[in-house]
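This report concerns only the one structure given below.
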Amino acid sequence: MSRGKFITLEGGEGAGKTTNLAFIKDYLEQHNIVVVVTREPGGTELAEKIRQLLLDNKSEAISEQAELLMMFAARAQHIKHVIEPALASGKWVLCDRFTDATYAYQGGGRSMKISTIKWLENMVQGTLRPDLTLLLDAPVEIGIARARERGAFDRFESEKISFFESVRRAYLLQAELYPERIKLIKANQPLPDVQRAITDVLRTLLGLCALNCPTSSRHGTVK
Ligand code: Z5A
């Protein structure tokens, strides 16, 4: 049995990850692919407990180092108990955020050293990397306005605009560094257009692309 594929969805506040996760799952299932949908931080009982601690905005102040290590502690559990077994059994894994979020939030937002994040990535993940990452990118104000409609803010969502600007810049840098893996999707357009761009990328991944492949720029942007 061939190994499944690992797809991650990334983006800032309110970019539309959760909304599009269901769309992608349906699309893959229509192509007879068995999909495991999961998220980070989280995905196992213990990792979900770590998530609660990380998002709780009433907890004692969490140091930047503790935050980074908690992300990777949750990730280690998630990989061992959910991601690796699913991929090994031929299922595809669709994950709402993964390590690009660590580069963006802890690296960009909290200014943690990239070399430290890379060291932890190698230690926890070994050679595991996503096969495809869809980066939903929208101006910070648009994402925040969308997220605000949802109500109460968690510990991350309570950060200042400048934090989210740094997160966005770090995500865009990741896309520039890994254009083969990370496909940039403009998320500040109507949902049907976002989903058309996502479908174009998935068609390419599934090898369904004949003459009508999307034109990708050097940075992998799909319009
Ligand atoms: N975090 C971290 O710091 N380091 C890490 O390594 C990892 C995570 C893995 C939890 O993430 C937090 O963990 C996250 C980063 C940190 N904190 N933040 N911020 P999360 O993914 O659970 O939380 P989130 O980013 O806050 O998700 P979100 O706000 O729910 O965003 P979303 O899933 O991208 O958006 P959505 O719920 O799909 O859409 C929001 C609204 O916009 C909704 O009403 C939609 O109907 C609407 N929407 C979506 N798309 C459109 C379009 N195209 N047009 C109009 N309206 C739209």
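In each ligand, atom 1 is the first atom listed, and ligand 1 is the first ligand listed.
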Glu48, Glu40, Arg39 screened by side-chain contact (heavy atoms from CB on, under 4.5 Å) with His78, the one that passes: Glu40
Look at atom 13 (O) of ligand 1 and say which protein heavy atom is nearest, naming residue and atom and giving the distance to 0.1 Å. Pro41 CD, 3.7 Å
To which protein heavy atom is atom 53 (N) of ligand 1 closest, and what is the distance rounded to 0.1 Å? Gln189 O, 3.0 Å
Near Thr102 (heavy-atom distance under 4.0 Å), the atoms of ligand 1 are 5 (C), 6 (O)
Quick test: of every protein heavy atom, which one is nearest to atom 1 (N) of ligand 1, and how far off is it to 0.1 Å? Met71 CE, 3.5 Å
Of all protein heavy atoms, the one nearest atom 56 (N) of ligand 1 is Arg146 NE, 3.5 Å
Using a 4.0 Å cut-off to any heavy atom of Ala187, which atoms of ligand 1 qualify? 53 (N)
Arg51 N/O under 3.5 Å from ligand 1 N/O: yes
With a 4.0 Å cut-off on N to O distance, would you call Asp193 and Arg196 a salt bridge? yes
Does the N or O separation between Asn20 and ligand 1 drop below 3.5 Å for any pair? no
So is Gly11 close enough to ligand 1, meaning a heavy atom under 4.0 angstrom away? no
When distances are taken from atom 3 (O) of ligand 1, the protein heavy atom at minimum range is Gln106 NE2, 2.9 Å
Go through the steps for Phe72 and Glu121 under the test side chain to side chain contact (heavy atoms under 4.5 Å, CB included), then give the verdict. CA-CA 8 Å; Phe72 273 107; Glu121 179 181 36; 4.3 Å; yes
Would you please classify the geometry between the Tyr105 ring and the Phe156 ring as parallel, tilted or perpendicular, with 30° and 60° separating the classes? perpendicular
Looking at Arg181, Arg97, Lys183, Gln174, which one forms a side-chain contact (heavy atoms from CB on, under 4.5 Å) with Thr133? Arg181
Does an N or O anywhere in Ala15 fall below 3.5 Å from an N or O of ligand 1? yes
Protein residue, atom and distance nearest to atom 38 (O) of ligand 1, heavy-atom basis: Thr19 OG1, 2.5 Å
Below 3.5 Å, N or O to N or O, backbone or side chain included: is there any such pair between Gly14 and ligand 1? yes
If you apply the rule side chain to side chain contact (heavy atoms under 4.5 Å, CB included), what do you find for Trp92 with His31, and how did you get there? CA-CA 12 Å; Trp92 287 33; His31 290 85; over 6 Å; no
re atom 19 (N) of ligand 1, the protein heavy-atom contact at minimum distance is Glu13 OE1, 2.2 Å
The single option from Leu135, Asp96, Thr8 passing side-chain contact (heavy atoms from CB on, under 4.5 Å) against Lys17: Asp96
From atom 24 (P) of ligand 1, is the closest protein heavy-atom distance below 4.0 Å? yes
Atom 30 (O) of ligand 1 has as its nearest protein heavy atom Arg150 NH1, 2.4 Å
Mark yes when over 12 heavy atoms from residues, nucleotides or ligands other than Met123 sit less than 6.0 Å from its CE; otherwise mark no. yes
Contact (N/O only, under 3.5 Å) between Thr18 and ligand 1: yes
List ligand 1 atoms under 4.0 Å from Arg75, heavy atoms only on the residue side. 6 (O), 9 (C)
Any nitrogen or oxygen of Gly16, main chain or side chain, under 3.5 Å from a nitrogen or oxygen of ligand 1? yes
What about Phe164 and Tyr103, same hydrophobic cluster or not, with Ile/Leu/Val/Met/Phe/Trp/Tyr joined at side-chain heavy-atom distances under 4.5 Å? no
Are the side chain of Arg3 and the backbone of Leu87 linked by a donor-acceptor contact shorter than 3.5 Å? no
For ligand 1, which atoms have a heavy atom of Glu40 less than 4.0 angstrom away? 9 (C)
CG (Leu205) and CG (Leu132) are apart, to the nearest 0.5 Å, by 5.5 Å
Quick check for you: to the nearest 0.5 Å, what is the distance between Leu21 atom CG and Asp26 atom CG? 10.0 Å
Would Arg97 count as being in polar contact with ligand 1, using the rule that some N or O on each side must be under 3.5 angstrom apart? yes
Establish, yes or no, whether the cationic atom of Arg168 lies under 6.0 Å from the six-membered ring centre of Tyr171 and within 45° of the ring axis. no
